[in-house]
Colleague: 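If you scroll down you'll find the structure; I have some questions about it.
Note that the coordinates shown come from a computational prediction; the quantities given were computed from them, not determined experimentally. Each chain gets a letter, A, B and so on, in the order its sequence line appears, and its residues count up from 1.
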Number of protein chains: 2
Amino acid sequence: MQDFEGLLRGLKLKVTPRRRAILEVMAAGSTFLSPEEIWKKVGEAGTNVGLPTVYRILEELAGGGVVTRVLHDNRQLYYYLCPNKGHHHHFVCLSCHKVEDVDLCLGEALEQEVKLRIQGALFSHILQLQGLCRECREKGGKA
Amino acid sequence: MQDFEGLLRGLKLKVTPRRRAILEVMAAGSTFLSPEEIWKKVGEAGTNVGLPTVYRILEELAGGGVVTRVLHDNRQLYYYLCPNKGHHHHFVCLSCHKVEDVDLCLGEALEQEVKLRIQGALFSHILQLQGLCRECREKGGKA
DNA sequence: AGTTAAATAGAAATCACTTCTATTTGACGA
DNA sequence: TCGTCAAATAGAAGTGATTTCTATTTAACT
Ligand SMILES: [Mn+2]
Ligand SMILES: [Mn+2]
Ligand SMILES: [Zn+2]
Ligand SMILES: [Zn+2]
């Protein structure tokens with residue numbers, strides 16, 4: 001996870017300084033970030049960028065499956081640059097905002113349920129786990 | 001699902017005309033509704049209510065597990081009065097907004113995954129399926 | 001180097017949702 | 001039945017995350 005150029009090309013997106021900077025900031029940690037947090041970090045790293053540009057780029061990357069949207073109780077959307085490909089979901093720590101992969105092939109069971117019982121068409125599904133990661137649990141994290 | 005009075009008492013909420021009216025409107029259909037849609041329907045049914053009151057009551061009912069929050073691409077929150085108790089999740093039709101129960105005991109597997117692999121504490125999880133219900137699929141629904 | 005569609009900045013707008021406060025009301029017990 | 005009071009509500013106002021708009025810049029390709 002460092003070939004941002006190839007990554008952007010794969011999504012048919014131009015390789016620009018803002019996109020590079022956003023990817024670099026997101027790749028630097030394994031936590032979910034708000035658009036504003038990313039905006040500030042990009043600025044601190046020396047790249048001037050507008051907040052609307054951050055929002056747009058994040059949605060482009062989310063559409064391309066490179067970043068994952070993280071849902072939060074406060075109704076804000078957060079984003080996480082996931083290095084792993086293939087279908088999987090995430091566990092998010094409510095205290096330190098760390099994101100960890102969860103490999104569970106629900107896909108099969110869900111497809112069957114919708115096909116057999118509901119007899120509809122399944123387009124997508126959302127699965128997100130939330131709690132405290134190991135470290136935060138051991139030190140007694142908030143909430 | 002018609003004993004709204006007992007339902008509200010069970011949640012330690014006073015039985016008021018607004019709460020009754022909102023429950024009646026939601027029970028009248030099996031689709032998810034926006035706070036504004038509910039507000040309009042309640043008004044049309046003859047009960048004057050403020051929009052902030054609708055928001056507040058919906059969150060009270062969601063907190064009590066009587067209504068489910070439905071996530072939508074447009075970032076708005078929708079609500080669904082679920083008649084069934086016990087842990088389960090929902091399939092939502094993107095065309096007609098109908099909601100159907102999905103009984104899948106993921107709980108077990110998720111608990112195990114978090115306990116063994118992540119070694120953290122699992123507080124909650126979100127699972128929502130979206131697509132087209134049988135009727136909408138057969139008639140070629142939108143999206 | 002020229003062309004062009006894509007990308008961006010910055011200001012402005014949007015609007016779903018929340019907050020605030022004065023007033024009303026349902027629950028409960030005397 | 002009535003008094004009490006915390007809970008509930010209306011309506012106005014505020015909030016702020018996100019979107020829209022448009023003039024300008026730039027990456028990609030030749
Ligand atoms: Mn992942
Ligand atoms: Mn249900
Ligand atoms: Zn943590
Ligand atoms: Zn449908």
Side-chain angles (χ1 to χ4, degrees), chain A residues 3-25 32-64 66-67 69-79 97, chain B residues 3-25 32-64 66-67 69-79 97:
Chain A
D3 180 20
F4 297 144
E5 194 161 327
L7 190 155
L8 289 171
R9 290 230 165 78
L11 297 178
K12 304 269 169 62
L13 296 174
K14 288 186 181 177
V15 179
T16 68
R18 329 290 147 172
R19 291 194 175 125
R20 274 183 193 281
I22 287 175
L23 287 168
E24 269 159 23
V25 159
F32 63 85
L33 297 166
S34 70
E36 188 159 348
E37 283 170 335
I38 293 167
W39 174 67
K40 283 177 182 164
K41 283 175 185 283
V42 167
E44 287 163 6
T47 301
N48 181 35
V49 63
L51 196 45
T53 298
V54 174
Y55 274 93
R56 184 173 28 74
I57 290 177
L58 286 171
E59 277 305 307
E60 287 165 351
L61 296 174
V66 173
V67 311
R69 297 182 187 92
V70 174
L71 305 168
H72 196 283
D73 266 353
N74 66 9
R75 311 240 169 127
Q76 283 185 244
L77 261 196
Y78 294 79
Y79 295 85
H97 295 188
Chain B
D3 180 21
F4 298 144
E5 194 162 325
L7 190 155
L8 289 171
R9 290 229 166 78
L11 299 178
K12 304 267 169 64
L13 296 173
K14 288 187 181 177
V15 180
T16 69
R18 329 291 147 173
R19 290 193 175 125
R20 274 182 193 281
I22 287 174
L23 286 169
E24 270 159 23
V25 159
F32 62 84
L33 297 166
S34 70
E36 189 159 347
E37 283 169 337
I38 293 168
W39 174 67
K40 283 177 181 164
K41 283 174 185 284
V42 167
E44 288 164 4
T47 302
N48 181 36
V49 63
L51 197 43
T53 298
V54 174
Y55 275 95
R56 182 173 30 74
I57 291 178
L58 287 172
E59 278 305 306
E60 287 166 351
L61 296 174
V66 172
V67 310
R69 298 182 186 91
V70 174
L71 305 168
H72 196 284
D73 266 352
N74 66 9
R75 312 240 166 126
Q76 284 185 244
L77 263 197
Y78 293 79
Y79 295 86
H97 295 188

Colleague: Roughly, in whole Å, what's the span from CG in Leu11(B) to C1' in dA7(D)?
Modeller: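 After rounding, the reported distance stands at 15 Å.
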Colleague: Rounded to whole Å, how long is the line connecting atom CZ of Arg19(A) with atom P of dA7(C)?
Modeller: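 For the pair Arg19(A) CZ and dA7(C) P, the rounded distance is 4 Å.
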Colleague: Go through the steps to decide whether Arg18(B) and Glu60(B) satisfy the test salt bridge (charged side-chain N to carboxylate O under 4.0 Å, His left out), and finish with yes or no.
Modeller: CA-CA 13 Å; Arg18(B) 329 291 147 173; Glu60(B) 287 166 351; over 6 Å; no
Colleague: Tell me the interatomic distance from Glu60(B), atom CD, to dT9(D), atom C1', rounded to whole angstroms.
Modeller: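 Atom CD in Glu60(B) sits about 11 Å away from atom C1' in dT9(D).
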Colleague: Kindly point out which of dA16(C), dT18(D), dT8(C) is positioned nearest to the side chain of Arg18(A)?
Modeller: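 Nearest to the side-chain atoms of Arg18(A), counting from C-beta on, is dT8(C).
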Colleague: Out of Trp39(A), Tyr78(A), Tyr79(A), which one pairs with Ser34(A) under the side chain to side chain contact (heavy atoms under 4.5 Å, CB included) rule?
Modeller: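 That would be Tyr78(A).
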Colleague: In whole Å, I'd like the distance from the CG atom of Asp73(A) to the P atom of dC17(C).
Modeller: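 Interatomic distance, CG of Asp73(A) to P of dC17(C): 14 Å.
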Colleague: Of all the nucleotides listed (dG11(D), dT8(C), dT18(D)), which has the minimum atom distance to the side chain of Pro52(B)?
Modeller: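 Comparing dG11(D), dT8(C), dT18(D) against the side chain of Pro52(B), the answer is dG11(D).
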Colleague: Report yes if some heavy atom in the side chain of Leu11(A) is under 4.5 Å from a heavy atom in the side chain of Val66(A); otherwise report no.
Modeller: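 Result yes, sub-4.5 Å side-chain heavy-atom pair found.
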Colleague: Between P on dC21(D) and OH on Tyr55(A), what's the gap in Å once rounded to a whole number?
Modeller: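 In whole Å, dC21(D) P lies 18 Å from Tyr55(A) OH.
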Colleague: Does Glu5(A) have any salt bridge (Lys or Arg N to Asp or Glu O under 4.0 Å) partners at least two apart in sequence or in another chain, and if so, which?
Modeller: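 With sequence neighbours excluded, Glu5(A) shows a salt bridge (Lys or Arg N to Asp or Glu O under 4.0 Å) to Arg9(A), Arg20(A), given in chain and number order.
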Colleague: For Ile57(B) and dG26(C), what is the distance between atoms CD1 and C1' respectively, to the nearest whole Å?
Modeller: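 One finds 13 Å between C1' of dG26(C) and CD1 of Ile57(B), rounded.
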Colleague: Can you pull every protein N or O that's under 3.5 Å from an N or O on nucleotides 27-30 of chain C?
Modeller:
from, atom 1, to, atom 2, distance (Å)
dA27(C), OP1, Val15(B), N, 2.9

Colleague: Are any non-hydrogen side-chain atoms of Leu8(B) and Leu61(B) less than 4.5 angstrom apart?
Modeller: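 Yes - at least one pair of side-chain heavy atoms lies under 4.5 Å apart.
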Colleague: Below 4.0 angstrom from OP1 or OP2 of dT19(D), is there any side-chain N or O of Arg56(A)?
Modeller: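 No, Arg56(A) has no side-chain N/O under 4.0 Å of OP1/OP2 on dT19(D).
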Colleague: When you get a sec, tell me which of dT18(D), dA9(C), dG26(C) is the closest nucleotide to the side chain of Leu51(A)?
Modeller: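 My answer, after comparing the listed nucleotides, is dT18(D).
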Colleague: Assign each of Pro17(B) and Lys12(A) to its nearest nucleotide of DNA chain C by heavy atoms, then name whichever residue's nucleotide is nearer the 5' end.
Modeller: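 Residue closer to the 5' terminus by nearest nucleotide: Lys12(A).
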Colleague: Would you indicate whether Asn74(B), at its atom CG, is surrounded by more than 12 heavy atoms from other residues, nucleotides or ligands within a distance under 6.0 Å?
Modeller: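 Check passes, neighbour count above 12.
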Colleague: In terms of ring plane angle, is the pair Phe32(A) and His97(A) parallel, tilted or perpendicular, where the classes change at 30° and 60°?
Modeller: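 Because their plane-to-plane angle is under 30°, the rings of Phe32(A) and His97(A) count as parallel.
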Colleague: From CH2 of Trp39(A) over to P of dT19(D), roughly how many Å is that when rounded to an integer?
Modeller: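 It is 16 Å, rounded to the nearest whole Å.
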Colleague: dT19(C) P sits how many Å from Asn74(A) CG, rounded?
Modeller: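 The answer, rounded to whole Å, is 12 Å.
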